[in-house]
Amino acid sequence: MPSDLRTIAIVAHVDHGKTTLVDSMLWQSGIFRENEDVQERVLDTMDLEREKGITIMAKNTAIRYEDTKINIVDTPGHADFGGEVERTLRMVDGIMLLVDAAEGPLPQTRFVVQKALALDLPAIVVLNKIDRDDARPAEALDEIYDLFIDLGATEDQIDFPVFYTVATEGKCATELDGELRNLRPLFESILDTIPPPSEDPDGPLQVLVTSVQANEYLGPLAIGRVVQGTLHNRQNVSICHRDGSTETREITELFTYQGLQRVEADAAGPGEIVAVAGVEGIGLGECLAAAEDPDPLEPLDVDEPTISMEFSTNDGPLSGREGEYVTSRQLRDRLFEEARNNLAIRVEETDSPDRFLVYGRGELQMAIIIEQMRREGYEFCVGMPQVITKTIDGQRHEPYERTEIDIPEEYVGTVMERLGERKGTMQQMVHQESGRVRLVFEVPSRGLIGYRSKFLTDTKGTGLLTHRFEEFRPWAGEIPHRTSGALVSDRQGEATPYALLNLQDRGVFFVEPGDKVYEGMIVGENNRPQDLDVNVARERQLTNVRAASADVLEQLPPPREMSLEEAIEFIRGDELIEITPEEYRLRKRHLDPKKRKKAKMQRAEG
């Protein structure tokens with residue numbers, strides 16, 4: 001049994017400091033030279049990760065501490081990327097649970113602990129950011145113990161080591177009032193708490209594939225864990241698919257990890273995380289086994305999606321001007337490729353060849369996929385997120401979310417009223433010494449679609465809102481979405497200062513002078529509940545009376561600029577977002593006003 005190998009996942013809620021702690025562990029293990037220029041959050045390699053400050057894709061690295069190799073997997077902290085965490089936990093022998101000392105355990109913390117306990121993975125608990133002014137490490141630790149007990153943990157599972165850290169400085173202490181030193185005690189605890197792999201290196205080969213990455217030189221690289229046996233370079237293996245079929249392939253390249261680099265290897269034994277070339281056609285969650293008499297593992301599955309969005313080709317008048325990939329075939333190929341590489345995503349074709357249904361975990365996960373496709377040069381449209389319902393015992397059920405809110409005390413009434421309208425029920429209220437209040441609600445997923453922007457407005461940007469899928473429950477009835485109507489352009493052209501100025505009392509505009517508009521495009525939000533067709537391309541009649549156009553522009557308030565997430569929250573069921581590499585526009589599903597009226601009558605009838 002190899003005792004010189006440990007494999008651990010660092011898990012936490014979003015923005016609790018996982019990737020920063022990994023940075024410090026890499027530095028103190030000697031991976032980098034002292035004079036080496038290394039960017040912060042070195043494992044956040046995607047542009048979107050660095051822009052948003054969150055981890056989206058799970059990534060692995062490896063360090064050496066004394067004579068032991070430690071494989072470390074950094075996981076996403078946002079609930080929408082729970083599929084990444086679920087597949088990661090099958091790769092490791094233990095977890096390091098990181099919790100913000102001020103915020104305590106949040107919904108994603110609960111989800112991760114629940115999955116880890118089900119796999120009987122030992123835990124090391126790290127309370128980070130103890131240098132915050134509002135840190136409350138003792139209370140946060142009590143909440144972690146309560147969480148473990150609530151999830152049915154055994155006495156052995158609750159008996160976890162605890163560390164107090166400041167990840168940005170790379171320091172930790174073993175006692176709350178202890179002296180902050182380097183991370184050496186944390187490394188020692190990993191060796192003592194996380195067991196080495198116990199599988200037989202001479203047993204039948206089993207490799208669980210948890211990720212497939214494209215490589216322009218080697219082809220698809222299958223990344224996973226050697227569960228049993230020993231994998232050799234140039235070895236013939238069987239690809240074991242979900243449907244029970246097998247294919248024989250030869251390993252053309254075999255890599256293990258050291259620091260941030262892939263290192264060529266001749267063989268890899270149990271517990272190693274490997275990257276394998278030459279196994280084209282393997283799917284996520286499938287496995288490699290011995291070529292003769294294969295003994296496959298159970299395929300990796302994750303929790304079901306809770307929402308769906310419609311992706312369709314762009315049929316607007318400006319289509320094809322900005323995007324490189326615009327056809328339904330190109331859109332279909334890209335979506336099915338995403339589904340192959342992401343277990344939490346499912347794609348279905350519809351009765352129209354131009355429309356596809358994409359199922360996922362949440363609005364942020366969908367927004368990330370949309371943004372990635374936009375940057376790759378795709379042009380398409382997406383519709384409003386819809387929750388996935390089930391029929392249980394003849395009754396319609398919908399997903400509910402456990403929602404935790406942290407707000408100043410003066411906004412409690414407003415938030416409770418808003419969530420009450422959205423069929424939320426309060427489960428817990430805790431007043432904190434800092435003057436803030438922690439609220440726990442159970443809310444239908446439908447009620448949270450479009451709520452985040454209103455929440456930030458109601459709390460003047462000071463509130464924190466996190467949520468996590470809980471379970472399916474009976475349908476809660478009608479829930480209001482957007483109470484305001486849309487200002488819809490009634491013709492194609494360019495928005496003019498004259499028209500926008502004269503329409504200011506109608507609502508808030510999303511366009512400014514010079515922007516291209518077309519019939520059916522949403523150019524603003526109406527002050528009233530009804531949609532209103534407006535002419536934003538109207539020109540001023542030429543007369544002998546001169547007017548300073550600069551004065552007109554000074555009177556125009558700036559347009560409201562929406563992020564992609566805000567646009568997804570804004571649209572209704574009869575509206576779409578037009579996505580192009582240059583920008584995104586809001587539009588009606590039916591651009592012709594007569595077709596819109598007909599579709600509205602059909603919806604009212606049935």
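All of these numbers come straight from a predicted model, not from anything done at the bench.
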Report task. Give the intermediate values and the outcome of side chain to side chain donor-acceptor pair (under 3.5 Å) for residues Thr425 and Gln427. Result -> CA-CA 6 Å; Thr425 54; Gln427 305 297 310; 3.2 Å; yes
Query - Whether Phe148 and Phe160 hold their rings parallel, tilted or perpendicular, with breakpoints at 30° and 60° - result: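 It falls in the tilted class, 30° to 60°.
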Query raised in the report: Can you say whether the rings of Tyr451 and Phe455 are parallel (under 30°), tilted (30 to 60°) or perpendicular (over 60°)?
Result: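 Taking Phe455 first and then Tyr451, their aromatic rings sit tilted (interplane angle of 30° to 60°).
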Which heavy atom of [X] sits nearest to which heavy atom of [Y], and what is that distance?
X	Y	answer
Leu586	Ile577	CD2-CG1, 3.8 Å
Gln114	Leu151	N-CD1, 3.7 Å
Ala116	Ile95	CB-CD1, 3.6 Å
Ile130	Pro137	CG2-CB, 4.5 Å
Lys588	Glu575	NZ-OE2, 2.9 Å

Is it true that the side chains of [X] and [Y] contain a donor and an acceptor less than 3.5 Å apart?
X	Y	result
Glu525	Ser484	yes
Glu401	Ser445	yes
Tyr518	Glu578	yes

Would you mind checking if [Y] and [X] are paired as a salt bridge, meaning a charged N to carboxylate O distance below 4.0 Å?
X	Y	result
Glu376	Arg334	yes
Asp574	Arg589	no
Arg585	Asp515	no
Glu363	Arg452	no

Query raised in the report: Do Arg346 and Tyr359 meet the cation-pi criteria used here (NZ or CZ under 6.0 Å from the six-membered ring centre, within 45° of the axis)?
Result: yes
Requested in this report: Taking the six-membered ring of Tyr400 (Phe, Tyr or Trp), confirm whether the NZ or CZ of Arg402 is under 6.0 Å from its centre and within 45° of its axis.
Outcome: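 Because its charged atom misses either the 6.0 Å distance or the 45° angle limit, Arg402 does not stack over Tyr400.
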Report task. Can you measure from CG (Asp315) to OG (Ser328) and round to the nearest 0.5 angstrom? Result ->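 Answer rounded to 0.5 Å: 12.0 Å.
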Requested in this report: Could you pull out all residues at least two apart from Glu471 that satisfy salt bridge (charged side-chain N to carboxylate O under 4.0 Å, His left out)?
Outcome: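 So Glu471 forms a salt bridge (charged side-chain N to carboxylate O under 4.0 Å, His left out) with Arg473.
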Query - Pair Phe472 and Phe469, ring centroids less than 6.0 Å apart - result: yes
Query raised in the report: Does Arg528 CZ have over 12 foreign heavy atoms under 6.0 Å away?
Result: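 Atom CZ in Arg528 is not packed in, count stays at 12 or less.
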Query raised in the report: Ile579 and side chain to side chain contact (heavy atoms under 4.5 Å, CB included): which partner among Tyr378, Phe380, Phe311?
Result: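 Exactly one candidate clears the test, Phe380.
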